[in-house]
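A short worksheet on the structure shown next.
Quick note: residue numbers are just sequence positions, from 1. Remember, it's 1-based here, ligands and their atoms both numbered in the order they're listed. Just the heavy atoms: all of them, side chains too, but no hydrogens, waters or symmetry mates, feed the values below.
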Amino acid sequence: MTTAGLEGLIAGRTAIATVGKAGAGLTYRGYRIEDLAEHSTFEEVAYLLIYNQLPNEEQLTAYKKRLTEMQEPPSELKTVLEQLPATAHPMDVLRTGCSVLGSLESDGEGGRTQAAIADRLIASFGSMLLYWYRFKNRGERIETNTGEDTIAGHFLRLLTDAEPEPLKKRALDVSLILYAEHEFNASTFAARVVTSTLADIYSAVAAAIGALRGPLHGGANEAAMELVSQFDSPAVAEKGILQMLAAKRLIMGFGHRVYKNGDPRSAIVKSWAQRMAEESGNTDLYDIFERVEQVMMREKGMHTNLDFFAATAYHLCGIPTQMFTPVFVISRTSGWAAHVIEQRSDNRLIRPLAEYTGPEPRDYVQLSER
Ligand code: COA
């Protein structure tokens with residue numbers, strides 16, 4: 001029997017997360033997402049995913065220091081980033097950055113562990129992206145060692161070259177917690193397939209970045225922003241969405257393969273988007289997003305997924321639209337790494353079968369007779 005898109009199929013075992021499990025909802029190593037988003041920080045969550053437990057105060061301080069020391073990409077990598085065109089998609093920049101780092105700081109060499117590589121990628125992905133961005137857009141060769149001891153603060157400082165605003169920093173931090181892990185989604189599964197061949201972690205993360213890029217997966221946050229940007233008022237948005245639905249078009253940021261009654265991360269990120277909009281004194285954009293949400297519920301009974309209001313929140317943080325999915329990469333690298341480590345610890349090559357639908361065996365026809 002085949003299942004289109006492997007829907008509903010249990011394709012392996014994991015102790016990392018539950019997604020929509022009865023009585024549990026979304027949990028990371030048993031901790032509920034609602035508690036993590038309210039009380040923890042992204043660095044705590046990354047540590048939890050990669051090192052299997054919540055850090056104590058001493059461990060967290062040491063971990064944040066380690067991440068801070070890993071912010072600077074090697075000079076050879078910066079040289080490569082300078083060669084990429086200004087028109088490259090930021091996801092291409094991160095995929096390339098991951099590959100180049102993999103050839104400079106190889107997996108397994110010099111006692112380097114997958115966990116240490118994951119930390120290095122999480123700490124330096126923002127640096128790679130913004131080094132390239134500022135070089136291409138402003139001709140600057142920036143110092144990427146900001147000394148900021150949070151991933152959110154580091155990203156915002158490199159983006160704006162200013163002290164990150166506390167509200168934006170915490171909103172971004174919470175979104176990173178929400179994006180960190182989600183069981184056997186497409187990019188994580190891609191990372192596990194690559195790992196199952198005993199390939200290195202950089203190859204697994206590069207493959208995962210490729211999978212995340214598509215608009216049916218992580219690219220939906222960027223696509224949702226592009227969609228909503230076409231509308232200049234809630235009324236125009238309502239009309240536009242009704243027309244799209246009549247034309248049977250997909251509305252990005254809605255629907256989910258697993259959550260059919262709503263994504264628990266969505267309300268959390270929405271509340272941060274609302275708070276930022278209200279505190280900025282301008283809710284125009286937020287109101288358009290909210291109207292789209294209402295129309296989709298009324299017309300299709302469909303809920304937003306995390307990507308929809310993450311787009312609002314990121315826009316209000318001042319992040320360029322094309323960097324929305326790369327921010328997702330920075331966060332999800334923690335979840336991918338947890339899965340790479342788990343897959344390696346109990347590996348079996350992932351190699352399913354296919355139901356053949358091609359022609360029956362037939363005789364080869366000589367080239368001169370075709
Ligand atoms: N907008 C409009 N209609 C949608 C929709 C959306 N975002 N998502 C699903 N539907 C419709 C489908 O067209 C289908 O309608 P039909 O039964 O009339 O053919 C029905 O809902 C079921 O959808 P299906 O494609 O079977 O769901 P899926 O589990 O394969 O897809 C997604 C899940 C996420 C790929 C899908 O909802 C989607 O494409 N969403 C938009 C992209 C997105 O936001 N991705 C981020 C996911 S976190």
What ring-ring contact (aromatic ring centres under 6.0 Å, His included) pairs are there with at least one residue in residues 164-192, not counting sequence neighbours?
-> Tyr179-Phe328, His182-His256, His182-Tyr259, Phe184-Phe189, Phe184-His339
Under 30°, 30 to 60°, or over 60°: which ring-plane class applies to Phe309 and Tyr286, parallel, tilted or perpendicular?
-> tilted
Presence of salt bridge, Glu181 and Arg332, under 4.0 angstrom = no
The protein residues that pass the under-4.0 Å heavy-atom test against ligand 1 are Pro215, Leu216, His217, Ala220, Arg249, Leu250, Ile251, Met252, Gly253, Phe254, Gly255, His256, Arg257, Lys260, Met296, Lys300, Met302, Asn305, Asp307
Check whether more than 12 heavy atoms from other residues, nucleotides or ligands sit under 6.0 Å from atom CG of Asn261, and answer yes or no.
-> no
Less than 4.0 Å between a side-chain N and a carboxylate O, is that true for Glu82 and Lys78?
-> no
Using a distance-only test with no angle check, is there a side-chain donor-acceptor pair under 3.5 angstrom linking Ser187 and His217?
-> yes
